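Presented below is the structure to which this report refers.
Residue numbers start from 1 in every chain, and the chains themselves are labelled A, B, ... in the order their sequence lines are given, proteins ahead of strands. What you are looking at is a predicted structure, and each value in this text was computed from that prediction instead of being measured.
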Amino acid sequence: MEYNFKEIEQKWQSYWKNNAIYHVEIDNNRPKYYVLDMFPYPSGAGLHVGHPLGYIASDIFSRYKRLQGFNVLHPMGYDAYGLPAEQYAIQTGQHPEITTFNNINRYREQMDKIGFCYDWKREVRTCDPEYYKWTQWAFIQMFDHWYNKKEDIARPISQLIEIFNEQGNAQVTAASADTTIFTADEWKNMGEKKQRDILMNYRIAYKADTMVNWCPKLGTVLANDEVSEGLSIRGGYPVEQKVMSQWCLRVSAYAQRLLDGLDKIDWTESLKETQRNWIGRSEGAEMKFKIANSDKYMNVFTTRADTTFGVTFMVLAPESEYVAEVTTDEQKNAVNEYIDAVKRRTERERIADKKVTGVFSGAYAINPFTNEQIPIFISDYVLAGYGTGAIMAVPAHDSRDYAFAKHFNLPIIPLIEGCDVSKESYDAKEGIMMNSGFMTGLSVKDAITTAKKYITEKGIGKVKINYRLRDAIFSRQRYWGEPFPIYYKDGQPYTLDETCLPLELPEIDKYLPTETGEPPLGRAKNWQTKDGYPLELNTMPGFAGSSAYYLRYMDPHNDKALVNKDVNLYWKNVDLYIGGTEHATGHLIYSRFWNKFLFDLGLICKDEPFEKLINQGMIQGRSNFVYRIIGTNKYVSYNLKDKYETQGIHVNVNIVSNDILDIEAFKNWMPEYKDAEFVLEDGKYICGWAVEKMSKSMFNVVNPDDIIKKYGADTLRLYEMFLGPLEQSKPWDTNGIDGVHRFLKKFWGLFFNGESVAISDVEPTAEELKSLHKTIKKITSDIEHFSYNTSVSAFMICVNELSQMKCNKRMILEPLTILIAPFAPHIAEEMYSMLGHKTSVCDAKYPEYDDKFLIESKVKYPISFNGKVRFTIELPADTDKAEVERIALSDSQTEKYTEGKTPKKVIVVSGKIVNIVL
RNA sequence: GCCUGAGUGGUGGAAUGGUAGACACGAAGGACUUAAAAUCCUUUGGUCAGUGAUGGCUGUGCGGGUUCAAGUCCCGCCUCAGGUACCA
């Protein structure tokens with residue numbers, strides 16, 4: 001009987017749908033398990049063969065857990081807001097919602113064909129008002145909370161107001177912008193407007209003038225993780241620094257907890273390391289430097305307080321507030337000129353150009369250790385956003401300071417014995433101090449401690465920990481995003497009442513900024529509250545909707561809460577999260593922050609959202625080439641191309657099979673190839689190949705639909721897993737897919753004798769049982785380790801063995817069918833029903849292996865001499881070591897290798913190997 | 001520069017410190033067939049010797065080391081991929 005995958009797959013996909021096989025509800029009698037995929041942005045191109053890799057892996061694990069008796073939550077949804085749909089809207093006038101819905105339908109169709117076990121009743125879409133109501137709601141909570149650093153928890157703003165009313169802000173330790181100290185009386189007398197301005201400095205969602213990444217081409221600001229090397233990640237447009245008033249999230253308040261949390265979760269070390277670097281904790285000191293002939297001070301952050309004796313100048317970032325304070329009249333023109341020049345350059349240019357630039361401010365500071373006057377410079381190698389935007393320069397021991405000192409001819413004082421600073425700085429944190437007053441003779445490590453103690457005692461500064469992690473810019477000057485639940489009264493932002501949520505995205509006539517430069521929402525009619533107050537015109541960024549979506553899946557239709565507390569107590573958090581590594585510093589930081597905030601509010605029970613995380617590797621494209629003889633329309637086969645002067649041209653991989661070109665298809669591919677001629681080898685045209693990104697322009701995109709049409713979904717699923725380790729990047733190469741398909745056919749064949757089903761109830765042989773149990777053991781351990789490529793091999797080995805034995809016994813085939821069900825669910829369902837079952841294989845009992853079938857009565861011992869294996873002998877498994885040694889030494893072949901010498905030593909590893917050392 | 005991975009046949013890849021190359025693709029040869037498809041069988045890291053069974057040498061990016069034994073552990077490099085970058 002032929003393996004008719006098309007019929008089988010359609011049959012079971014509709015069975016699953018009609019019987020709600022994948023619908024999940026809370027079941028207190030079964031332990032829960034939550035498997036999550038990073039939900040996709042539904043792009044216009046549809047899924048290519050790389051996208052489902054992680055989905056297949058998580059699907060296998062979900063089905064495996066279900067077979068083991070877990071109540072598995074495995075949902076899917078769409079990250080539906082995004083720039084491409086809006087860009088398309090700008091070009092065509094089509095509402096982004098229509099584009100998005102069409103794309104979602106396409107995605108859904110493609111996913112359904114692969115046979116995933118998602119509970120689609122739980123689907124979420126970030127652009128659905130029912131969903132983004134809770135995104136807006138969370139924003140209101142963040143607006144209404146501040147971060148108490150002493151207790152390390154978010155607290156209601158109302159509580160902060162109480163404290164201000166009672167004692168002012170002197171005792172408050174909050175994550176906040178610098179605020180001046182005020183008393184309770186001052187607070188009470190300052191009026192509502194001033195009070196709200198001050199509270200804004202404390203809110204977790206706050207509006208502030210900040211240096212933002214402004215992308216003129218996209219017409220919006222971007223978060224740090226949306227920018228790479230001065231270009232926007234989406235689109236690759238230049239990004240510049242600009243001060244703007246924007247909504248921000250105080251992610252930095254959670255920096256330490258985000259760092260500490262990493263130690264408690266099961267993520268790959270590389271991903272945790274990426275997050276640690278992104279958070280960028282550095283321990284150091286904040287020191288006060290007095291400005292000469294003035295009573296003003298400057299604060300600097302340094303991790304090397306021990307090098308203060310070598311500070312020979314100071315440097316300010318061009319954007320620093322200190323610049324205006326210290327610049328002397330004589331230098332004003334030069335400084336302004338420099339700052340203008342810096343502004344004109346994009347960040348990209350600043351990074352690309354390593355040339356030293358800077359200008360003297362005219363002012364001097366006083367080194368608190370030496371009391372000497374040192375000049376204050378302004379240079380763009382100091383960043384405004386990090387530390388205090390001002391540094392103390394130690395040219396002998398910092399390469400950037402060194403370059404600056406050389407350029408401006410400033411003194412360089414070496415502080416470490418034996419270091420040579422005539423050519424370059426000595427940046428290492430080791431050695432013995434010199435030229436360092438009370439620290440001379442100490443090791444660097446001790447000097448750092450001593451210096452910190454000294455500055456604390458003398459009141460020069462304080463010990464401080466700095467983080468690189470910046471607050472997230474949360475506004476976008478765009479249309480296709482969540483509206484803010486904010487209105488303005490007297491220019492002050494206020495939140496809408498929760499009962500007004502969701503605040504739905506209004507219709508507009510054009511998806512462009514207004515004539516006056518307002519964001520697109522400025523075009524909306526009646527964009528105001530009932531009382532006529534204007535609503536916020538910005539919308540939220542992409543990561544807003546994706547930060548808590550995993551919570552919403554638990555309780556997707558609840559209109560009273562983001563997630564019901566009891567429901568959350570059952571599902572808790574995600575046990576297994578599978579997705580791409582590109583979200584390491586964006587989504588995976590934001591959602592951890594968002595989760596911790598909700599945890600602080602007591603709304604959810606876990607402070608980390610994702611217990612275990614696996615990054616699936618990228619599937620790269622494998623491109624094919626034809627070689628055109630330059631100046632002709634003649635193409636030379638790969639191995640003959642060096643005889644001609646040729647040019648490689650990408651050719652559509654879908655008309656190439658095993659690197660052999662389908663010549664007719666090629667001629668019909670594009671009009672210019674219609675009259676192409678060929679130089680063949682062995683009557684074939686062999687194409688060249690290369691591994692590149694999978695993209696339209698390389699003609700190497702492979703669509704899962706095409707594979708499914710040709711081989712079926714089960715083959716696609718198995719083949720994607722068979723390709724290699726899940727976490728490794730690998731090229732998609734259709735060449736091997738036949739082997740996997742053949743395997744399924746072979747497995748299928750075991751159930752048949754000719755055209756009829758023939759399953760025997762005869763007791764299996766020891767050999768058959770061994771083959772089965774060995775496979776159960778291997779598959780189980782492979783699934784636990786996400787080593788799916790070796791699972792597929794193990795299935796192949798087992799089926800090969802059973803075919804050899806012509807095994808058609810129920811007691812073997814049934815457990816094997818259940819075992820393969822997570823990998824190839826359609827064929828497994830069909831075989832399970834052929835075995836006489838009336839229920840879905842999804843709810844079968846996972847087979848367990850029994851070691852007793854695996855015991856070998858005999859062991860093959862490789863006999864090696866000085867580590868080189870020469871021959872093997874077979875012995876009963878229970879032969880003891882001494883006996884093995886005796887037999888090995890007395891074997892007739894041993895003589896040949898000992899060459900008469902007496903072995904120095906004989907090593908016998910029971911059941912493994914014998915090594916005779918000569 | 002720094003951080004994290006990875007380098008094994010023609011290809012994808014396998015291997016708790018214990019016979020390197022499982023499994024699969026491809027290739028070559030054969031069986032079945034009028035033929036093709038499908039299926040099945042044999043061979044397949046390199047090299048040398050032998051008619052042959054077989055045997056020798058060599059081989060996991062490079063150079064050292066630890067060990068009875070190293071693809072695997074340690075030290076030093078090289079190459080590739082991803083992340084990050086004037087972070088004081």
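Base contact: A:V909 has a heavy atom under 4.0 Å from a base atom. Residue A:I391 is classed as a base contact, given a heavy-atom separation below 4.0 Å to a base. Within the 4.0 angstrom heavy-atom criterion, base atoms lie near A:R470. Counting any heavy atom pair closer than 4.0 Å across all strands shown, A:Y402 reaches no nucleic acid atom. Looking at heavy-atom distances under 4.0 Å, A:P725 makes contact with sugar-phosphate atoms alone, never a base. Across all strands shown, A:K730 has heavy atoms under 4.0 Å from sugar-phosphate atoms exclusively, and none from any base. Backbone-only contact: A:S270 has heavy atoms under 4.0 Å from sugar-phosphate atoms and none from a base. Residue-level contact check: A:Y467 touches neither bases nor backbone, having no heavy atom under 4.0 Å from any strand. Using a 4.0 Å heavy-atom criterion, one finds that A:E582 contacts no nucleic acid atom at all. Within the 4.0 angstrom heavy-atom criterion, base atoms lie near A:I907.
Taking the six-membered ring for Trp and thresholds of 30 and 60 degrees, A:F404 and A:F377 have ring planes more than 60 degrees apart, a perpendicular arrangement. Ring orientation note: the planes of A:F795 and A:F743 are tilted relative to one another, at an angle of 30° to 60°. In this pair, A:H583 and A:H587 present their aromatic rings perpendicular. The plane angle is above 60°, beyond the 30 to 60° band. Using a 30° and 60° split on the angle between ring planes, A:Y719 and A:F722 fall in the tilted class, from 30° to 60°.
Figure legend: cation-pi geometry between A:R592 and A:W267, with NZ or CZ positioned under 6.0 Å from the six-membered ring centre and within 45° of its axis.
The pairing partner recorded for B:U84 is B:G1, the criterion being a Watson-Crick or G-U wobble arrangement whose two distances lie under 3.5 angstrom. Both distances falling under 3.5 Å, in either a Watson-Crick or a G-U wobble arrangement, occur for no nucleotide opposite B:G50. Pair assignment for B:U19: none, as no Watson-Crick or G-U wobble contacts are both less than 3.5 Å. B:G7 is paired with B:C78 under the criterion used here, namely a Watson-Crick or G-U wobble arrangement in which both key atom distances are under 3.5 Å. Across every strand in view, B:U72 sits unpaired, with no contact that passes the Watson-Crick or G-U test at under 3.5 angstrom. Figure legend. B:U60 is base-paired to no nucleotide; pairs are counted as Watson-Crick or G-U wobble with both atom distances under 3.5 Å. With both pairing distances under 3.5 Å, B:A27 is matched to B:U43 as a Watson-Crick or G-U wobble pair.
Look at CD on A:E283: it is 15 Å from C1' on B:A88, rounded to the nearest Å. The distance from atom NZ of A:K684 to atom P of B:G26 is 11 Å, rounded to the nearest whole Å. When the P atom of B:G5 is taken as reference, atom CE of A:M618 falls 18 Å away, rounded to whole Å.
No salt bridge links A:K905 with A:E885; every basic N to acidic carboxylate O contact stays at or beyond 4.0 Å. A salt bridge links A:R622 with A:D659: the closest approach of a Lys/Arg side-chain nitrogen to an acidic carboxylate oxygen falls below 4.0 angstrom.
Between the side chain of A:N915 and the base of B:C68, at least one donor-acceptor pair of N or O atoms lies under 3.5 Å.
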Contact string for nucleotides 36-46 of chain B, one letter per nucleotide 5' to 3', B = base within protein heavy-atom range under 4.0 Å, S = sugar-phosphate only, - = neither, reads --SSSS-----
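Residues A:T790 and A:N800 both approach RNA chain B. Their nearest nucleotides, taken by heavy-atom distance, put A:T790 toward the 5′ side. Residue order along RNA chain B, read from the 5' end via each residue's closest nucleotide, puts A:V740 first among A:W278 and A:V740.
Taking 90° from 0 as the syn/anti boundary, the base of B:G9 is oriented syn.
Side-chain N or O atoms of A:D471 include one that pairs as donor or acceptor with a backbone N or O of A:S252 at under 3.5 Å.
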